[in-house]
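Input: a single structure, listed below in structure tokens.
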Amino acid sequence: MALTVTSPEEMQELGRRLARVLAPGDLVMLTGELGAGKTTLTRGLGEGLGVRGAVTSPTFVIARVHPSLSGGPALVHVDAYRLGGGLDEMEDLDLDVSLPESVVVVEWGDGKVEELSDDRLRVLIDRATGDTDDERREVTLVGIGARWAGLREALG
């Protein structure tokens, strides 16, 4: 499923829309260059899930847990940019323990967290490159596994 997003506000709204279809145990992998909008999308996810705390990039702490304020799943926001290894290096974060009761969102997770779940949502964010202030992003949602079979319909 491909979408065009033209502003940070629209990216955040996409996150809120995605949050409506997320459930405990969901793994969301975000891919895109620096400044593409991964954290902005995650901020919208956090708003949609109704979690506590400001969603900011966890680059220097690697992972942040945002508990639910409404009895829903917590949001575990991971930035794997600085982690060089695969799942072995991620094991210290205990994501496999958090996953069943949380929504786990991993920025830069390709090649690092796929083994956590057979069902996962990959979100690829592409933006214009070079010397541009264009806010336009092409967002591709790729559902992997049976869990995501009805994604297009669920998002409306």
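Given the structure is predicted, the values throughout are model-derived calculations rather than measurements.
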Side chains of residues 44-51: which donor-acceptor partners sit under 3.5 Å, not counting sequence neighbours?
| unit_1 | atom_1 | unit_2 | atom_2 | d |
| --- | --- | --- | --- | --- |
| E47 | OE1 | R16 | NH1 | 2.4 |
| E47 | OE2 | Q12 | NE2 | 2.5 |

Worksheet item: E10 side chain to T6 main-chain N or O, any donor-acceptor pair under 3.5 Å?
Response: yes

Worksheet item: Do M29 and W108 have side chains that get closer than 4.5 Å, going by heavy atoms?
Response: no

Worksheet item: Hey, does D126 have a side-chain heavy atom less than 4.5 Å from the side chain of R137?
Response: no

Item to complete: Please confirm whether the backbone N or O of A146 pairs with a side-chain atom of D119, one donor and one acceptor, at under 3.5 Å?
Response: yes

Item to complete: Would you indicate whether D110, at its atom CG, is surrounded by more than 12 heavy atoms from other residues, nucleotides or ligands within a distance under 6.0 Å?
Response: yes

Practice prompt. Heavy atoms only: give me the nearest V21-W148 pair and the separation to one decimal.
Written response: CG2-CZ3, 4.3 Å

Discussion item. Can you tell me how far apart OG1 (T56) and CZ (R43) are? Round to the nearest 0.5 Å.
Written reply: 7.5 Å

Worksheet item: Taking C-beta and beyond as the side chain, do V106 and L27 meet within less than 4.5 Å on heavy atoms?
Response: yes

Worksheet entry | Counterpart residues, side chain to side chain contact (heavy atoms under 4.5 Å, CB included), relative to P8 (two or more places apart) | T40, E135

Worksheet item: Between L30 and V142, is there a shared hydrophobic cluster once you connect ILVMFWY residues whose side-chain heavy atoms come closer than 4.5 Å?
Response: no

Worksheet item: Just wondering, do T140 and I125 contact through their side chains at under 4.5 Å, heavy atoms?
Response: no

Worksheet item: Does the side-chain hydrogen bond (donor to acceptor under 3.5 Å, both in side chains) test come out yes or no for R147 and S117, once each step is laid out?
Response: CA-CA 11 Å; R147 160 74 176 97; S117 178; over 6 Å; no

Worksheet entry | T39 vs E107 side-chain heavy atoms within contact, under 4.5 Å | yes

Worksheet item: Under a 4.5 Å cut-off applied to non-hydrogen side-chain atoms, are L151 and L121 in contact?
Response: yes

Worksheet item: So do I144 and E114 actually touch side chain to side chain, heavy atoms under 4.5 Å?
Response: no

Fill in: Test side chain to side chain contact (heavy atoms under 4.5 Å, CB included) applied to V28 and V104, step by step
CA-CA 6 Å; V28 181; V104 176; over 6 Å; no

Discussion item. Hydrophobic cluster membership, with links at side-chain heavy-atom distances under 4.5 Å among I/L/V/M/F/W/Y: are L41 and L124 in one?
Written reply: no

Discussion item. Once rounded to the nearest 0.5 Å, what's the spacing between atom CG of L75 and atom OG1 of T42?
Written reply: 7.0 Å

Practice prompt. Find the distance between CD (E101) and OG (S68) and round it off to the nearest 0.5 Å.
Written response: 12.5 Å

Discussion item. Contact between R127 and R136 at the side-chain level, heavy atoms closer than 4.5 Å - yes or no?
Written reply: no

Worksheet item: Should T4 and V139 be marked as a side chain to side chain contact (heavy atoms under 4.5 Å, CB included) after you check the CA-CA gap, both sets of side-chain angles, and the distance that decides it?
Response: CA-CA 6 Å; T4 299; V139 180; over 6 Å; no

Fill in: Hydrophobic cluster membership, L22 vs M1, 4.5 Å side-chain cutoff
yes

Worksheet item: So how far is it from R120 CZ to E115 CD, rounded to the nearest 0.5 Å?
Response: 9.5 Å

Worksheet, complete the sentence: Nearest heavy-atom contact between L155 and R17 is O-NH2, 3.5 Å

Worksheet item: What is the distance from atom OG of S102 to atom NE2 of H66, rounded to the nearest 0.5 Å?
Response: 11.5 Å

Worksheet entry | Short side-chain to backbone donor-acceptor contact, K38 and T31, under 3.5 Å | no

